[in-house]
Amino acid sequence: MSDLAGKATALLTMHDDFVVLPTAWDAWSARTLVDAGFEALTIGSHPLAESRGQGDNEGMSLDDALEGIARITASVDVPVSADMESGYGAAPAELIERLLEAGAVGLNVEDTVHAEGRMREPQEHADYIAGLRAAADAAGVEVVINARTDAFARPHLHGRDPLEEAIARCELMEQAGARSLYPVVPPSRAAIGAILERVSLPVNVTAHPVRGSIFGDLAATREGGARRVSFGPLLQAALTDLIGELARPWR
């Protein structure tokens with residue numbers, strides 16, 4: 001547990017300034033990214049599920065996800081954060097315990113519960129995050145909770161103004177003990193700016209390794225105020241296109 005605690009603290013410290021956490025999906029991609037010079041990684045549920053022949057949005061079970069996560073963390077000696085969707089139905093204490101057993105020291109947790117076809121209510125999701133924070137603290141590991149909201153992505157599930165909803169949820173998640181915030185698919189730079197004005201935690205944006213983030217390239221993303229970048233499924237997607245280009249002449 002002391003090794004995990006050290007990795008968690010190292011991961012959290014990386015958020016003090018600006019950090020890019022590229023997204024892996026198996027041992028090979030994780031080792032490749034570490035060899036490229038990255039000092040910490042994320043695991044995306046979408047690319048992990050793709051690598052297993054399963055679907056995102058809870059197409060994997062908790063056991064499936066953790067098995068894939070454990071293979072990745074065993075292959076590299078850097079801090080790893082894992083996308084746990086909305087928790088796969090696990091209670092917060094169980095999720096933290098099993099996440100640490102799998103060797104990860106951070107997690108994404110979203111407010112869309114795909115198995116139930118709904119979004120958690122804002123306070124409900126904040127309470128879940130507070131439970132994760134309490135369980136991590138009890139374990140003595142500063143697990144980096146990257147709290148995600150789908151307020152922009154799924155307005156039909158909450159029926160309110162997406163920007164107002166995203167801000168309200170981010171504020172509650174910050175108060176609940178998150179260590180970074182992840183409002184996915186923001187409609188504009190201004191929307192991210194409005195969130196940044198209301199919270200003090202680092203805000204995560206998704207980037208395509210070639211096309212960049214909603215702000216643009218690495219420098220523009222940093223200048224735009226984001227303090228954490230991950231690739232979600234976009235690195236795997238870009239590599240899929242490249243594999244096609246490399247192999248196609250040999251058909």
Side-chain angles (χ1 to χ4, degrees), residues 11 14-15 19-34 36 38-76 78-88 90 95 98-99 102-115 132 143-150 152-154 178-186 202-214 221 226 228-243:
L11 178 60
M14 293 176 193
H15 291 69
V19 62
V20 177
L21 300 173
T23 305
W25 55 89
D26 60 12
W28 168 80
S29 59
R31 289 194 301 267
T32 301
L33 290 166
V34 171
F38 290 95
E39 297 180 351
L41 306 174
T42 57
I43 301 170
S45 65
H46 186 158
L48 176 60
E50 285 279 3
S51 75
R52 296 176 57 87
Q54 296 171 287
D56 192 22
N57 301 337
E58 299 180 45
M60 294 184 293
S61 67
L62 178 58
D63 287 345
D64 292 337
L66 290 169
E67 192 273 339
I69 291 164
R71 286 180 179 270
I72 292 170
T73 61
S75 72
V76 294
V78 300
V80 175
S81 178
D83 181 355
M84 300 307 298
E85 302 214 39
S86 64
Y88 296 99
L95 190 64
R98 297 191 65 187
L99 182 80
V105 295
L107 76 158
N108 286 0
V109 60
E110 67 187 67
D111 47 14
T112 300
V113 186
H114 295 282
L132 295 171
V143 175
V144 179
I145 301 171
N146 186 42
R148 167 176 157 169
T149 178
D150 289 346
F152 293 127
R154 296 184 172 87
R179 293 295 181 258
S180 58
L181 303 170
Y182 190 14
V184 296
V185 294
V203 170
N204 188 108
V205 296
T206 307
H208 185 284
V210 177
R211 297 194 293 269
S213 73
I214 192 168
T221 300
R228 170 174 164 145
V229 177
S230 56
F231 293 148
L234 300 181
L235 174 60
Q236 188 185 59
L239 184 58
T240 300
D241 293 340
L242 179 58
I243 289 172

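The salt bridge (Lys or Arg N to Asp or Glu O under 4.0 Å) test applied to R52 returns D64, E67, not counting sequence neighbours. For L132, the side chain to side chain contact (heavy atoms under 4.5 Å, CB included) test picks out P92, L95, I96, L107, V109, Y128, I145, with sequence neighbours left out.
Between V205 and T221 the shortest side-chain heavy-atom distance falls below 4.5 Å. S81 has its side chain within reach of L11: a pair of non-hydrogen atoms, C-beta onward, lies under 4.5 Å apart. With contacts defined as side-chain heavy-atom distances shorter than 4.5 Å, the pair V20/F38 qualifies. Taking the side chain as every heavy atom from C-beta outward, V203 and R228 never approach each other to under 4.5 Å. For the pair Y88/M60, a side-chain contact is recorded, criterion being any heavy-atom separation below 4.5 Å from C-beta on. Looking only at side-chain heavy atoms (C-beta outward), S213 and T206 stay at 4.5 Å or farther from each other.
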| Would V34 and E39 satisfy side chain to side chain contact (heavy atoms under 4.5 Å, CB included), going step by step from the backbone distance to the final call? | CA-CA 6 Å; V34 171; E39 297 180 351; over 6 Å; no
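From L41, atom CG reaches atom CG of L33 across 6.0 Å, with rounding to the nearest 0.5 Å. For the atom pair E85 CD and T112 OG1, the distance stands at 9.5 Å (nearest 0.5 Å). The CD atom of E58 lies 4.0 Å from the OG atom of S86; values are rounded to the nearest 0.5 Å. Here the straight-line distance linking atom CD1 of I43 with atom CZ of R71 works out to 12.5 Å at 0.5 Å rounding. Rounding to the nearest 0.5 Å places CG of L66 at 7.0 Å from CG of L99. The distance from atom CD of Q236 to atom OG of S51, rounded to the nearest 0.5 Å, is 7.0 Å.
Within the structure, the salt bridge (Lys or Arg N to Asp or Glu O under 4.0 Å) test picks out no pair touching residues 230-241 (sequence neighbours left out).
Of all the heavy atoms in P186 and P183, the pair that sits closest is CD-O, 3.5 Å. Closest approach of A207 and F231 over heavy atoms only: O-CD2, 3.1 Å. Minimum heavy-atom separation, L48 to A65: CD2-O, 3.8 Å. Nearest heavy atoms, A104 versus I69: CB-CG2, 4.1 Å. Nearest approach of P47 to T23, heavy atoms of both residues: CG-CG2, 4.1 Å.
A distance-only check finds no donor-acceptor pair linking the side chain of S29 to the backbone of A24 [under 3.5 Å].
Checked against N57 for a side chain to side chain donor-acceptor pair (under 3.5 Å), the options H46, H114, E110 give a single hit: H114. Here the rule is side-chain contact (heavy atoms from CB on, under 4.5 Å) with D83, and of N146, N108, T42 only N108 fits it.
Under the 3.5 Å distance criterion, with hydrogens and angles disregarded, no donor-acceptor pair is assigned to the side chains of H15 and R179. Side chains of S230 and N204: a donor on one and an acceptor on the other come within 3.5 Å.
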